[in-house]
Structures are given as C-alpha cells and as structure tokens.
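Every value quoted in this text rests on a predicted model; they were computed, and no experiment measured them.
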Amino acid sequence: MKTRFPSRRMAVPLAAIMLASSAAHAATKGPEGMAFYTPPVNVTGSHGDLISYRSATVNLGTDAPAVNAWNVMYRSTDSRGAANVVTGTVLVPKGIWLSLTARPIISYAVGTHGLAQSCAPSLQMAAGTDYENANIVAALKAGYAVMVTDYQGYTNGATPTYLAGASQGNAVLDIVTAGVKIPFIGLSSNAKVAVWGYSQGGQSAAWAGQQQPTYAPNIKLVGVAAGGVPGDFKRTARFLDGSAGSGFMFGGVIGLAQQYPDKIPLDTLASETGKAAINQGKQQCVFESMFTFMNHELSEYTVNNRTLESLMTVPSINEALTAQDLGGNTITAPVYQYHGQADEFIPLDQALALKKKYCARATSVTFDLYPSEHIATQFQGAPYVLSWVADRIAGKTAAPNNCGTVAAEPQSTANPGGGNFVVSLDKWNLNATVGLKTLKQTVTLPSTSTFTADADITAGRLNGALAVPDFKQTISIIGIPANVGLRITPVGEATGTVSLNNSGILKIKGTAYADITITSVLGLPFGECKTVTPVAFPIDFEGPVSSMGNGKLVFTGTTTFPQIKGCAISAILSTMMSGSGQTYSFTVSPPAPKRY
C-alpha cells in the first residue's frame, strides 16, 4: 500500500506539545532494566493515566524505518472493573508526518505471546524476537505512530490474564490515552486512531471497539481491524481441546483463572499433573507452549479427569467463559473483520456468526475470507488492513459494508483437528524467475504458476509440487530475438524438512526437481529438446514465520542445467543454456482473499 502525503510540510503544533507536556506532569521517568516493570504500591487516578515512561531501544528488523521508542506504564481497568497497571511500547517514526492533520495512531493488539514475563511484546521488541514485527513495521512505514500494549500481567510478579477480553480491550484503548502524554512526543490527543489485532489481538481489537463509546469516548476511533477473532469462547474451546492448538486453550484456562479466581478455582480443579503443567505453561512463550501442549485434552490435567464439556456445565465457569463472548454491543466505528478459511485454531463458523451479530447491531462490517490457515493469514492480511485503515483515516466514510451479502456461507477447509501441525499450501502463487548464465537473460515463469505443499511442522517434513503451464518467452540467441516455447515438468515431489523454533523462525531445506523442455524456437518444433536429467532446485529458507504470509517466503540459489538432448538443435541449446551457475528465485505467497 502506498500512502500519499500532501507536499506541504506541517510542523507539530506548539499547543499540542505543550498539552502533552502538561498532561504528563504526574508521570515520572521510569528506571532502567526490569525495575521498570515493578508497579506502584497504590494505583490512583483514572484509566489512561501515564504512570511512568522511559526511552527504549527496539529491534524491529533491518527493513524497519527509524523510530523513536518509549516503554510506558499506565493505569487501565481489568475485566471486572478494577484498576490495574499495564505496560507497553510507543513507537513514532522519525520521518516527518507531512499533513495538515495530526499523525494518526494505530493501537496494535498483539496475538498470543505466551505467559512468561519474557514473552511481553515490549521485551520481545527490545530483543528483536517479536514474531509480529512484520505487521508493526508495515504500519510504521505508512507513517503512523504505533502503540503496542503488553496487556495485563507482564509486570514483575504478575500472571497474564490471557484472553480476558474486556481487560485486553481496555488496555488497547488506554495505551493511546497514556501514550500521547509522554512529554514532547509530538502526538495529539485529537489524532485519528485505528485499532488492529489478530487472534488474541483480534479479540482485543473487537473488545476495544465495543468498549470505546462508553469507556474512552475521547479517542477519535475511525476503524477497527480484527482478524482471526475467537468471538464465541466455548465454541472455540471445544474446537481447540485435544487439537494442534490445545496449548492456546490451556493458556486461556490459566489466564481466565487469574482474572476470575472465584469462578475458575484452579487449585481445586487441577490435578497434580495439571498443577505441574500450569507451572510449566507460565514459563513458556507461544511457540514452545504450542508444541508442549499440542493434542492434549484438558481432562489430562483435571481432578478425576473432568472433561472440558463437564467443566463448562459448572455455573461459575460457564459465566466466566460466556463473559468473553463478543457481539453483545455495537461497534460504532467501521469494522474490517477477516479470517482464514483453513484456520486450524479459531473456527470459521463462529467468526461468520460474529459478523452476523455485529451486522444485526448496525455495525458496518467488511468481511474478507483468506484462503489459508491461521498464521499465514495473520501476515497476509497486513496490506489489506492498512489499505482499509488509510481510507478510514482519509475520511472516506462510505466504508465497504457487506452485511447484506446473499452469498452462500463459506465452509472451513481446515485440516482435521488433532494429530500433527500441518500447514497446507493449496495452489499458492509462485512468482519465479530463472537466470540463464551464458545468455545473460532472465526467464520469467507464467503468473499462473503455483506451488502446492503440506508442511508437517510436527514431523519436520515438507512434501510439495510445482505447477507451471507451458509458456513462450522471447530470448535473444546470438543477438537475434527468438520466441522460445518452454515446458517445466516437475519430477516427483518437492521434498525436504521444515521446522519452527521457539522464537518463531521458520526453516525449510529441500529440493524440487524438474525436467526442462524446449518445445519450439521461432514457432517451429524441433523434437524433444529436454534436459537429460532433471534440474535440481534447492528450496532453502530461514526467516520469520511472518514470511509465510506476507510474500517474503523466497527461495533463491544457483543450480546446474544438464545437457539438452533429443532434437536437431540440441548441441546449440546445450551450449547456450546448460552448465553450472544458473540462478533462480521462487517467491511463494497465498492467493488473494475474497469478500464475503
């Protein structure tokens, strides 16, 4: 997405700076190190008050714009209406915002990070290990200030109230109120604000949208982008129990018990095995926890092996779970809701039901259905979200609203629950080029080329296949342009290994084999001009898991083209096209979403 700025420069108004300075008079500069995360003994004042702040250093990756960064501690409100203390990070691009209006703010609600304190987004960004950096960077590149709450429970000695919806939504709103109070930050309390989140963050964004009219009416909320939203808590819990995503449900039990200890008394519900697992879960971040608790049912951790279904019949537990459901209030700002059709963690049907709830309450909802699973959709959605947000910030009030769609309800294409964690790439776009060393020319494969694969991350196994239609391309031969027909035929499956480590780094190492055939030259067939053995294309990659969805899953390298035999001009073709040092670049990305 390209953001256009007016050519006229506009300095930050002096009044806005003075206002920010005055509003922050009660805040203090926080200490260095982990002492910053120690909350005050007494919490006074109003939600959105800035308690303390400090300059921060963040590592968002090599392609991130230069930013000024602060850690903040601020006053917020939990899901039961009690005052709490939350930490977070405020990021402001160093580039001047060239507009007559105040620099817009995105309150970015992160997805699941894990229950250990070290998982907090503010600490992950400082360490350069936050798996959501790609989305945050995309928002910063658009020129927006980005505020990222840690949510409740990452202060010293605390436990996160993971998936406590109202608490998360309040934290997403209050960081905006608090963040603009940092002295001389150059942001305005009158700035337009958008909220964006996915998964747990989608839940948080939707809760922020529902809460804002009464909880934070002074925030100029222009849009809410919420993806992968668990809007029906019990439906989602049933879907996750004993599945590849059961670790998320287990973390939710711990988090909700922290928020509602009287309603979900873990000490009496958990068996000794369960108590040990709870302690383990509290020490892990998201990917480690996901693999630790994958495919385990909740009954493995409860006294007398009580099942999830049985526990949900307990009135107090049912009440606490039902309190997390979304759709009970109107979101007055426009909503961009999105979901992966193959989402293996958050069921599609309850997301569609949430859309209907909001539409019935006169919320303007744009719903996009993405083709892939949970993680890929999280990052594929970024340019679509930011394009939609840019329109809201620009004041285009006629937001697309497909509440009135009469299309058939889409059905989930997710892999079956339980078993291995398999990411399926179903006819993903393959943007590929091959560089011919001797001819010093590049062959571009057809735009309709695809790559289909199953990446079994549990087993560490990749199996896939290229699909490339026959095509023609002009290649200069001895200085003479010639229209050459080409066919690339896969030989067997592309195979290899795949892994996802605890820091969210995806590693792929494999090989795809293909025969290359010259089908014609200048429109004339010359027989079966084919490589005598298949060409080996190593498909090696190491990078953040976000690359799987945001178009940065790129395989590059060099290979050797064997001799070409089988036709009258084989010797000429071999001279021009065979040998080592041939280059290639394969970029694999999901197909575009569809509106529903």
Under a 4.0 Å threshold between the charged nitrogen and the carboxylate oxygen, would [Y] count as salt-bridged to [X]?
X	Y	value
D267	K275	no
D325	R235	no
K355	E409	no

Can any side-chain N or O of [X] pair as donor or acceptor with the backbone N or O of [Y] at less than 3.5 Å?
X	Y	value
N295	G419	yes
R54	V72	no
Y198	H374	yes
T112	G114	no
N501	I505	yes
Q203	G231	no
Q168	S79	no
R361	K357	no
S547	P544	yes
T155	A158	no

Could you check if a side-chain atom of [X] sits within less than 4.5 angstrom of a side-chain atom of [Y], using non-hydrogen atoms only?
X	Y	value
N133	M125	yes
L269	T302	no
K192	V389	no
Y154	P160	yes
M147	L187	yes
F345	L240	yes

**Request:** Report the C-alpha separation of T413 and Q341 in whole Å, then their side-chain angles, then the decisive distance to 0.1 Å, and conclude whether the side chain to side chain donor-acceptor pair (under 3.5 Å) test is met.
**Result:** CA-CA 6 Å; T413 57; Q341 189 167 6; 4.9 Å; no
**Request:** For V229 and Y338, run side-chain contact (heavy atoms from CB on, under 4.5 Å): C-alpha distance rounded to whole Å, both residues' side-chain angles, the deciding distance at 0.1 Å, then the answer.
**Result:** CA-CA 8 Å; V229 182; Y338 59 111; over 6 Å; no
**Item:** Test salt bridge (Lys or Arg N to Asp or Glu O under 4.0 Å) applied to D368 - qualifying residues, sequence neighbours left out
**Value:**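 Scan of D368 (salt bridge (Lys or Arg N to Asp or Glu O under 4.0 Å), adjacent residues dropped) gives R595.
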Ignoring hydrogens and angles, state whether a donor on the side chain of [X] or [Y] is under 3.5 Å from an acceptor on the partner side chain.
X	Y	result
Q152	S167	yes
D456	N420	yes
S299	N305	no
N415	E344	no

Distance from [X] atom [atom1] to [Y] atom [atom2], nearest 0.5 Å?
X	Y	atom1	atom2	result
D391	L386	CG	CG	11.5 Å
N329	I331	CG	CD1	9.0 Å
C285	H113	SG	NE2	8.5 Å
F293	S243	CZ	OG	14.0 Å
S76	Y151	OG	OH	11.5 Å
D426	S372	CG	OG	9.0 Å

**Message:** Run N170 and Q211 through side-chain contact (heavy atoms from CB on, under 4.5 Å) and show every step you take.
**Reply:** CA-CA 7 Å; N170 293 339; Q211 300 277 88; 2.9 Å; yes
**Request:** Step through the shown structure and confirm whether more than 12 heavy atoms of other residues, nucleotides or ligands are within 6.0 Å of NZ on K396.
**Result:**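 Not buried by this count: 12 neighbours or fewer within 6.0 Å.
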**Item:** More than 12 heavy atoms from other groups under 6.0 Å of CG on N279
**Value:**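 Yes.
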Would a line drawn from the ring center of [X] to the ring center of [Y] be shorter than 6.0 Å?
X	Y	answer
Y215	H47	yes
Y108	W196	yes
F250	F248	no

**Request:** Could you check I175 against L173 for side-chain contact (heavy atoms from CB on, under 4.5 Å), going step by step and ending with a plain yes or no?
**Result:** CA-CA 6 Å; I175 195 172; L173 294 169; over 6 Å; no
**Request:** Any chance you could lay out the salt bridge (charged side-chain N to carboxylate O under 4.0 Å, His left out) test for K234 and E309, step after step, and finish with the verdict?
**Result:** CA-CA 9 Å; K234 287 180 286 187; E309 207 63 42; over 6 Å; no
**Message:** Using the rule given for salt bridge (charged side-chain N to carboxylate O under 4.0 Å, His left out), can you reason through R461 versus D454, listing the C-alpha separation, both sets of side-chain angles and the distance that settles it, and then say yes or no?
**Reply:** CA-CA 8 Å; R461 183 176 59 246; D454 281 332; over 6 Å; no
**Prompt:** Yes or no on side-chain contact (heavy atoms from CB on, under 4.5 Å) for Q117 and N156, after CA distance, side-chain angles and deciding distance?
**Reply:** CA-CA 8 Å; Q117 187 182 23; N156 291 335; 2.8 Å; yes
**Request:** Let me see the working for D241 and S246 under side chain to side chain donor-acceptor pair (under 3.5 Å), right down to the final yes or no.
**Result:** CA-CA 5 Å; D241 192 29; S246 55; over 6 Å; no
**Request:** Please identify each residue that fulfils ring-ring contact (aromatic ring centres under 6.0 Å, His included) with Y596, with sequence neighbours left out.
**Result:**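 So Y596 forms no ring-ring contact (aromatic ring centres under 6.0 Å, His included) with any residue.
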Just jot down the side-chain contact (heavy atoms from CB on, under 4.5 Å) partners of [X], sequence neighbours excluded, or say none.
X	result
Q283	none
E300	H296, E297
Q258	T159, T161

**Prompt:** Of M312, Q350, Q324, R238, which is the lone residue that meets side chain to side chain contact (heavy atoms under 4.5 Å, CB included) with F233?
**Reply:**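 So the option named by the test is Q324.
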Just distance, no hydrogens or angles: give the donor-acceptor pairs under 3.5 Å from side chains in residues 375-384, sequence neighbours left out.
residue, atom, partner, partner atom, Å
T377, OG1, E373, O, 2.7
Q378, NE2, E132, OE1, 3.2
Q380, NE2, P591, O, 2.6

**Message:** Is the ring pair F287/Y131 parallel, tilted or perpendicular, if the boundaries are 30 and 60 degrees?
**Reply:**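 If you compare the ring of F287 with that of Y131, the planes turn out perpendicular.
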**Asked** Do Y301 and E272 pass the side chain to side chain donor-acceptor pair (under 3.5 Å) test, and can you show the C-alpha distance, the side-chain angles, and the key distance before you say yes or no?
**Response** CA-CA 8 Å; Y301 307 113; E272 291 305 312; over 6 Å; no
**Asked** Y74 and side chain to side chain donor-acceptor pair (under 3.5 Å): which partner among D174, T149, T177, T87?
**Response**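 The option that passes is T149.
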